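Structure incoming, see below.
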Amino acid sequence: MRLRLGGPPPEGQAVEGCGGNLPQPAPFGFQETELRKFMEIPGPSAAVEDQLRERIAELEDALSETEARLRELDHRARNDLQLVWSILLMQTRRLPDGPARRALRRAADRVAAVAAALKHFHRPADPGGLDAQALLRELVGEIAGGAGRADVRLQLELDPLRVAPSQAAPLGLIVEELVHNALGHAFPDRAGLVEIGLHQTDGGAVLTVTDDGVGADPATCRAGFGIGLVELLCKQLKGEFVIASGAPSGLRATIRIPGAG
């Protein structure tokens with residue numbers, strides 16, 4: 001008997017042993033007949049492939065139709081808000097200067113803030129949500145343009161954060177309310193600065209609106225309609241709202257928003 005040592009036999013060569021010539025095993029332990037059966041498994045038939053293509057095309061058509069309907073609803077909603085805003089302004093112009101006129105004007109401003117948030121809903125899709133930085137820049141720019149206070153500087157420090165669509169309108173309204181309050185009450189006879197910050201934190205974001213104006217008693221501020229609205233909107237965001245005296249003057253409002261960013 002001849003026995004070859006030092007490694008496997010050359011490919012295709014039988015091994016001579018006590019049982020005679022033994023066939024060399026196929027790779028990976030499969031016999032040749034098993035490999036042939038495995039390689040002959042048919043792929044998807046042409047009919048199955050056609051059905052898959054048809055189904056994918058149907059789903060793509062349904063998705064396109066849904067997106068078109070959402071865009072149409074968004075367009076109608078913005079048009080309706082524009083109509084409400086126009087009616088409020090028309091009514092404002094018919095009233096003499098006084099509390100009623102100012103209240104209607106503020107209502108129109110709040111409608112405009114909601115419309116600004118809605119405008120971002122169907123911009124290029126992003127799974128992370130709406131661009132809060134772009135929303136607040138646009139909103140604060142509109143406030144500055146209509147406030148008539150060139151002597152008050154608005155400074156933005158915004159992190160590139162994303163918020164859920166359900167958070168966009170409350171966030172916009174909060175900023176609109178706090179910035180308008182600062183412009184209307186913090187600087188009765190002088191120039192000043194209003195700082196708007198939005199920064200990411202662990203588990204959420206922090207919004208701050210700070211002015212260096214004449215200041216006020218925070219408890220008195222909470223009795224007003226505007227700050228009361230801010231508190232309601234913070235509850236809607238499941239957030240926390242704090243208003244305190246600034247340093248060395250003015251007021252500082254802080255809103256902690258969970259889940260943003």
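Being a predicted model, the structure only gives us computed values, none of them experimental. FYI, side chains are in, hydrogens and waters are out, and symmetry mates aren't considered; it's all heavy atoms of this structure.
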### Task
State, without any angle test, whether Glu157 and Gln155 hold a side-chain donor-acceptor pair at a distance under 3.5 Å.
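A pair is found: one side chain offers a donor N or O, the other an acceptor, under 3.5 Å apart.
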#### Entry: Connected via hydrophobic side-chain network under 4.5 Å: Leu81 and Met90
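Leu81 and Met90: separate clusters.
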#### Entry: For the student: nearest non-hydrogen atoms of Leu251 and Pro218, plus distance
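Heavy-atom minimum between the residues: CD2-CG, 4.4 Å.
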### Pairwise distance CG(Asp211) to CG(Leu154) - rounded to 0.5 angstrom
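Answer rounded to 0.5 Å: 11.0 Å.
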### Spacing of Thr210 atom OG1 and Leu193 atom CG [to the nearest 0.5 Å]
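It comes to 9.0 Å.
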### Message
Could you report the tightest heavy-atom contact between Val194 and Ala182, atom names first, then the distance?
### Response
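Residues Val194 and Ala182, closest heavy atoms: CG2-CB, 3.9 Å.
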### Message
Could you go through Arg222 and Ile243, starting from their C-alpha distance and side-chain angles, then the distance that decides it, and tell me whether this counts as side-chain contact (heavy atoms from CB on, under 4.5 Å)?
### Response
CA-CA 8 Å; Arg222 287 182 178 273; Ile243 185 167; 3.9 Å; yes
### Task
Sequence neighbours left out, what passes salt bridge (charged side-chain N to carboxylate O under 4.0 Å, His left out) with Glu240? Give chain and number order.
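Testing Glu240 for salt bridge (charged side-chain N to carboxylate O under 4.0 Å, His left out), a comparison that skips the adjacent residues, returns none.
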### Task
Determine, step by step, whether Cys221 and Asp217 satisfy the side-chain contact (heavy atoms from CB on, under 4.5 Å) criterion, reporting the C-alpha distance in whole Å, the side-chain angles of both residues, the deciding distance to 0.1 Å, and the verdict.
CA-CA 6 Å; Cys221 292; Asp217 181 6; over 6 Å; no
### Message
Going by the rule salt bridge (charged side-chain N to carboxylate O under 4.0 Å, His left out), which residues pair with Asp109 if we only count those two or more places apart in sequence or in a different chain?
### Response
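With sequence neighbours excluded, Asp109 shows a salt bridge (charged side-chain N to carboxylate O under 4.0 Å, His left out) to Arg105, Arg106, given in chain and number order.
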### Exam field: side chain Arg149 to backbone Leu183, donor-acceptor pair closer than 3.5 Å
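The answer is yes, because a donor-acceptor pair under 3.5 Å joins these two groups.
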### Task
Using the side-chain contact (heavy atoms from CB on, under 4.5 Å) rule, take Leu130 and Arg162 through it: C-alpha gap first, then chi angles, then the decisive distance, then the call.
CA-CA 5 Å; Leu130 277 70; Arg162 299 276 170 179; 5.9 Å; no
### Query
Rounded to the nearest 0.5 Å, how far does CD1 of Ile255 lie from CG of Leu198?
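Atom-to-atom, Leu198:CG and Ile255:CD1 are 10.0 Å apart.
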### Query
Quick one: side-chain hydrogen bond (donor to acceptor under 3.5 Å, both in side chains) pairs with a partner in residues 89-104, sequence neighbours left out?
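Of all non-adjacent pairs touching residues 89-104, none passes side-chain hydrogen bond (donor to acceptor under 3.5 Å, both in side chains).
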### Task
Provide the closest heavy-atom pair for Ala108 versus Leu89 in the form atom of the first, atom of the second, distance.
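Minimum heavy-atom contact is CB-CD2, 4.0 Å.
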### Query
Are Val214 and Leu178 linked, directly or through other ILVMFWY residues, by side chains that come within less than 4.5 angstrom of each other?
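No, Val214 does not connect to Leu178 through the hydrophobic network.
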### Query
With hydrophobic residues grouped by side-chain heavy-atom distances under 4.5 Å, do Leu161 and Leu156 end up in a single group?
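The answer is yes; both residues are in one hydrophobic cluster.
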### Task
Evaluate side-chain contact (heavy atoms from CB on, under 4.5 Å) for Val230 paired with Phe241, printing each intermediate quantity in order.
CA-CA 8 Å; Val230 170; Phe241 172 60; 3.8 Å; yes
### Task
Identify the two heavy atoms, one from Ser245 and one from Ala216, that lie closest to each other, and give their separation to 0.1 Å.
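Where Ser245 meets Ala216 most closely, the heavy atoms are OG-O, 4.1 Å.
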### Message
My understanding is that only residues two or more places apart in sequence, or in another chain, count here; which of them pass side-chain hydrogen bond (donor to acceptor under 3.5 Å, both in side chains) with Asp189?
### Response
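Counting only residues at least two positions away or on another chain, Asp189 forms no side-chain hydrogen bond (donor to acceptor under 3.5 Å, both in side chains).
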#### Entry: Arg153 CZ: over 12 foreign heavy atoms closer than 6.0 Å
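Open.
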#### Entry: Test item: Glu195 and Thr208 side chains (from C-beta on) under 4.5 Å apart, heavy atoms
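No - every pair of side-chain heavy atoms lies 4.5 Å or more apart.
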### Query
For the atom pair CG (Leu173) and CG (Leu232), what is the distance rounded to the nearest 0.5 Å?
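Answer rounded to 0.5 Å: 11.5 Å.
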### Query
Nearest heavy-atom pair of Ala113 and Gly172: which atoms, and what distance?
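For Ala113 versus Gly172, the nearest heavy atoms are CB-O, 4.2 Å.
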### Message
If hydrophobic clusters are built by linking Ile, Leu, Val, Met, Phe, Trp and Tyr wherever their side-chain heavy atoms come under 4.5 Å apart, do Val209 and Leu158 end up in the same one?
### Response
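Yes, same cluster.
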### Query
Is any NZ, NE, NH1 or NH2 atom of the basic residue among Glu65 and Arg69 found under 4.0 Å from an Asp or Glu carboxylate oxygen of the other?
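Yes, Glu65 and Arg69 are salt-bridged.
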### Minimum-distance pair of heavy atoms, taken over all atoms of Ala132 and Val163
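Smallest heavy-atom distance, with atoms named: CB-CG1, 3.9 Å.
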### Message
Within the structure provided, determine whether Arg55 and Leu59 are in side-chain contact (heavy-atom separation under 4.5 Å).
### Response
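With C-beta onward as the side chain, the pair touches.
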#### Entry: pair Gln167-Gln236: side-chain heavy atoms closer than 4.5 Å
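When only atoms from C-beta onward are counted, Gln236 and Gln167 do not touch, as no gap falls below 4.5 Å.
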### Message
Looking at Leu139, is its backbone amide N or carbonyl O close enough to the side chain of Glu142 to form a donor-acceptor pair, meaning the two atoms are under 3.5 Å apart?
### Response
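No, because the side chain of Glu142 does not come within donor-acceptor range (under 3.5 Å) of the backbone of Leu139.
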### Message
Once rounded to the nearest 0.5 Å, what's the spacing between atom CD1 of Ile174 and atom CG of Leu233?
### Response
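Nearest 0.5 Å value for the CD1-CG distance: 5.0 Å.
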#### Entry: Spatial distance of atom CG (Asn181) from atom CD1 (Ile227) [nearest 0.5 Å]
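If I round to the nearest 0.5 Å, the distance is 5.0 Å.
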### Query
Does Val179 belong to the same Ile/Leu/Val/Met/Phe/Trp/Tyr cluster as Val206, with side-chain heavy atoms less than 4.5 Å apart forming each link?
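No, because Val179 and Val206 fall into different hydrophobic clusters, even though each may have its own neighbours under 4.5 Å.
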### Expected output: side-chain Asp159 to main-chain Gln200 donor-acceptor under 3.5 Å
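Confirmed, Asp159 side chain pairs with Gln200 backbone.
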#### Entry: Counterpart residues, side-chain contact (heavy atoms from CB on, under 4.5 Å), relative to Asp50 (two or more places apart)
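side-chain contact (heavy atoms from CB on, under 4.5 Å) list for Asp50, sorted by chain: Arg53.
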### Query
With ILVMFWY side chains joined below 4.5 Å, transitively, what does Leu83's cluster contain besides itself?
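Members other than Leu83 - counting any ILVMFWY side chain reachable under 4.5 Å - are Ile87.
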